[in-house]
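The structure under discussion appears below in the form of C-alpha cells.
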Number of protein chains: 2
Amino acid sequence: MQKGNAAYIKTMNKRLILKCVMEEDAISRAAIAKKLSLSKPTISTLVNDLLEDQWLIETGNGSASREGGRKPVNLTFNAKRSYIVGIDIGGTNVGMGITDLNGHVCAFREFPTQQHLEHNLFEEMKRNVDSMKDQLRIDDTKILGIGAGIPGVTNIKEGIVVEAPALKWKRFPIVAELEKTFQLPIHVDNDVNINVLGEHWMGIGKNKENLVYVAIGTGVGSGIMINGNLYRGTNYSAGEIGYLVTDKEYAKAYHPVHKGYGFLESVSSGSSISMQITKKLGKELSAKQAFELYNEGDEAAVEVIDQALEHLAIGISNYVSLFDPEIIILGGGVSGSFSLIHKKVMDIMNRYAPQQCEVVRTSFGKEAGVIGSVALFLNEFEGLFEI
Amino acid sequence: MQKGNAAYIKTMNKRLILKCVMEEDAISRAAIAKKLSLSKPTISTLVNDLLEDQWLIETGNGSASREGGRKPVNLTFNAKRSYIVGIDIGGTNVGMGITDLNGHVCAFREFPTQQHLEHNLFEEMKRNVDSMKDQLRIDDTKILGIGAGIPGVTNIKEGIVVEAPALKWKRFPIVAELEKTFQLPIHVDNDVNINVLGEHWMGIGKNKENLVYVAIGTGVGSGIMINGNLYRGTNYSAGEIGYLVTDKEYAKAYHPVHKGYGFLESVSSGSSISMQITKKLGKELSAKQAFELYNEGDEAAVEVIDQALEHLAIGISNYVSLFDPEIIILGGGVSGSFSLIHKKVMDIMNRYAPQQCEVVRTSFGKEAGVIGSVALFLNEFEGLFEI
DNA sequence: AATTAGTAAGTAAACTTTACTAACCTACAA
DNA sequence: TTGTAGGTTAGTAAAGTTTACTTACTAATT
C-alpha cells in the first residue's frame, strides 16, 4: 500500500486534474474545482504547475454563463508535449510509429523483419526512428520512451524474450538491446497484451473495464484486462486460450500442429486449417485460400473450417463462462472471415454460456501494434498521468 | 480515483500501521516507523489515536536491543475490539457464527434450513445470534455487522437473491430481511465468492494474490480472486465453471441434469454422478455411494466416475490455461474423494495446460461459510482496516 | 559512553475558508 | 439607444487547518 504524505496528495490531485481535462478537452479551472470537489485556490495552484510543465495550455476564453459573470479561461491537454515510440515486432514486418500523448500516430514506418533479423535489426529500427524524428522535427528530449511488442513468450521483469519462434529468438535480451540502441526508457510485452492494451486505450475497448482480445493467426492467443488493468497471471501466462481443451476424446489423440502448441490452436489456428486442408486435398494451401474455397462451397474446406471454428467458438464461449467480460475483440488474421467466425461464436455462446457477451472485430489496421506498444509504455511508465 | 487531502493521508497511514501490527502481532512504535519509513513522531500520534479507539493495545515492554537502549513498548492488534456475525445459508443447514477481527470463530450454531425456511427462518437466526451474544457477553455495539453467503445467484448491489433453487427463493430481498431482523450493516454474496474470500483471508489461500475456489457438489461453481481482490465479472457471473464445454461432440447431445445447469455440471457434478449410476444400476444411489462402489472396484461406478472426473479435470485445466492462478482450492462435497480428483486433475493439467498450478483441498470444516461471510463483510465494509 | 525508544516543539507542505477583484449579463430607467 | 445598478461567475490572495517532518530532547538500557 502507498504511504501517504503531502507530495503524494499533490501528485494524486494533479493526476485527477489531467484526467479531467483529457476527458473534457476544454474546461475551466472553476469547472474542474466543481467536478473534483476541490477548492478553487487548490486547482489554481496545481493548474499553474501543470501549465509550467506544459501538460496543459490555456486556449483563450470560453463564453460566460447566461446569468453573467466573468468568462472562463479554457484549459486543454497538451498532447504534443511529449511523444512515445511504439515498435511492433512481427514475424513478417516490423511496424514503428511515433504517437503524441493522445495516441495519435504522427509518423509511421514499416520494414520486412526477416531481411534485417540476422545482421542489423536494431540499426534499421534506429534509422527509422531517426527519420520519423526528422519528419516531426523533434529530438530525444521530447520523447518519453519506447514500448515494444514481441511475438513470443516474454519475461517483462528481466526484459528477456524467453522464446519467439517467429524471430528464432531464445533468451534474447530485448530490453538491453533496445536500451543500447536508443538510450531511452523501454517497456516490452508480448503481442496479445500489447493489443488488448491498445484496444482499451484507443480502440473499441475504450471505457470497458473487463475485456479480452483474442488473436487468431499462426497460433491462438489472448490478452485480458480486468478492472481496467492488464492481467498477466501468476507466471505471466494468463490468457493461453490456445491450450484449452474443447474435446475430451479428440484431445487424447491430438498432436500439436507445431512443437509446444496447445490443443485448441492445434485444431483451429490458421496453420492448423492450412495443414488440414493441404492434407485433405493433397496440395499446399494457406488458411486464406481455404476460406476462399469455403466461400465457393468446397466440401473439404467446409468440413475442415466448420470443425475448426466450432472448437474456437467453444473456446471463446468457455472464456465467457469463466470471465464474464464486457467485450471480446477478435484480431489476428481474421479480417476476411470475421462474419463467419462471429456467427459461429454467437451461436455456440448462446447455446452454452451462462450469459452473452459482445464479440467484435479489432478496430485497428496495421497501426494496431504501434498504438498498443505506446499504451503499454504509458501504462508502465511512472509518469504524472495515467491512461 | 481518490481525491487527496490531509484526512485521507491520515487514514492511509493508520491503515498501514494496523496492517503492520497485524502482520507482526507485537511491534514497537520505533519498529513501525522504520518499517513504513514514516517518522517516529508521526507514528506516535497515529498510534495514540489507534489506542484511543481501541484498535491497538499496549502489551508491556519488549526486551532492549543487544547494543543497549530503552526497552520498546509492544503494541498488539486488539482483535476483540469488535465482532462480526457470519451466516452461511445452505440448502441443508444454516451455519452461524460470531468471529473476532482475527477471524477466530468465538461462537458457532447450526440449525436445519428446511425446517424453518417457510415460517420463521429469520426469527431462528435472530434467536441464535442472541444466544451467541449472551455466550460471549457482548452487545450490538461490539458488532460491526453481518456477512451472509447464499447458495444461488445474488445481485449484491440491490441485495436481492435472484434465484436460489435450494431455498426455493426467487427475487428474494435478502438484505432487506436481514436488516429488518438485525438492524446492523449487512453484506451478502453467493457461496462460492464467500468461500474464496474465506480461503484468502484465513485459509490455505492466505498471502496468495490469484486464487480460484472450485466447489463441487450438487452443481459445480467457482470463485476467483485476482490481485487480492474478488473478481465478480461484468454481470456478476464470472467463474461459472459449470458451463464449460469440455467435449464438443458430446455437448451437442447433452441434456442439463437440472434445469439451467451447464454442460460441465451436467456431466460431472455430484447429482450427475448419482443420476448416471442410478440409471446404470437401476437403483437409487447417491454420489457418495457411487464413490464407495468405485473404491470397491465396481465396474459401472468406475466408468461413470472416471468419465465425470475427466471432464472436471479438463475444466480445471482450462481454468489454469486462461487464468494462471497461484492455487486452486477444491471444496464442496469432495472431502472423501479428494485424492482421486486431485490425481486426475494433475494428470490432465500436466498433459494439456501450459504450466502447472497447485491444487489443494479446502482447509476449513463446517465453519468455512461463517469465516467466508465474515471475510466478505470486512472486504466490503468501509472501515479503518482492510484484510 | 553508546545506543535505542519515545516525546516535545517548531517547521514545511498541502489543502480549505473567507474575502477579494475582474469581468460579464440582465433589467430597467432616462 | 444608452447608461447604470444589481447580480453572477472566474480566478486570486491571505489566513487558517491539518498532517507529516526535522531537530532536539528525556528515559532507559547494555
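Residue numbers begin at 1 in each chain, while the letters A, B, ... track the order of the sequences. Every value quoted in this text rests on a predicted model; they were computed, and no experiment measured them.
- Contact annotation: Lys71(B) does not reach the phosphate of dA28(D) (side-chain N/O to OP1 or OP2, under 4.0 Å).
- Remark: C1' of dA10(D) and CG of Asn74(A) are 12 Å apart, rounded to the nearest angstrom.
- With rounding to whole Å, Lys10(A) atom NZ is found 15 Å from dA20(D) atom C1'.
- Note: CG (Leu51(B)) to C1' (dG6(C)) measures 13 Å, nearest angstrom.
- Both Ser28(A) and Leu46(B) lie near DNA chain D, and the one whose nearest nucleotide falls closer to the 5' end is Ser28(A).
- Separating the CG atom of Leu75(B) from the P atom of dA5(C) is a distance of 12 Å, rounded to the nearest angstrom.
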Inset, instruction - Could you walk me through whether Glu58(B) and Arg29(B) pass the salt bridge (charged side-chain N to carboxylate O under 4.0 Å, His left out) test, one step at a time? - result: CA-CA 10 Å; Glu58(B) 291 190 338; Arg29(B) 288 168 176 81; 2.7 Å; yes
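- Under 3.5 Å, the side chains of Glu199(A) and Ser363(A) contain a donor-acceptor pair of N or O atoms.
- Remark: Gln2(A) CD is packed, more than 12 non-hydrogen atoms of other residues, nucleotides or ligands lying under 6.0 Å away.
- Lys133(A) has a carboxylate O that lies under 4.0 Å from a charged side-chain N of Asp140(A), or vice versa, which qualifies the two as a salt bridge.
- Nearest to the side chain of Asn13(B), among dA20(D), dG6(C), dA14(C), sits dA20(D).
- When distances are taken from the side chain of Val73(B) to each of dC21(D), dG6(C), dA14(C), the shortest belongs to dG6(C).
- Between Asp49(B) atom CG and dT18(D) atom C1' there is a gap of 12 Å when expressed in whole angstrom units.
- DNA chain C lies under 4.0 Å from at least one heavy atom of each of the following residues of residues 36-44 of chain B: Lys40(B), Pro41(B), Ser44(B).
- Taking 4.0 angstrom as the limit, Arg29(B) places none of its side-chain polar atoms (N or O) nearer than this to OP1 or OP2 of dT4(C).
- Here the closest heavy-atom approach between residue Asp100(A) and residue Ile84(A) is recorded as O-CD1, 4.3 Å.
- Here dT17(D) presents its C1' atom at 13 Å from CD1 of Ile9(B), a figure rounded to the nearest Å.
- Atom pair Ile32(A):CD1 and dG11(D):P shows a separation of 9 Å (rounding to whole Å applied).
- At a cut-off of 3.5 angstrom, counting only N and O atoms as typed in the model, there is a donor on one side and an acceptor on the other between the side-chain of Arg70(A) and the base of dA10(D).
- More than 12 heavy atoms of other residues, nucleotides or ligands sit less than 6.0 Å from atom CD of Glu23(B).
- Atom NZ in Lys35(B) sits roughly 19 Å away from atom C1' in dT4(C) (whole-Å rounding).
- Atom CD of Gln135(A) is surrounded by more than 12 heavy atoms from other residues, nucleotides or ligands within 6.0 Å.
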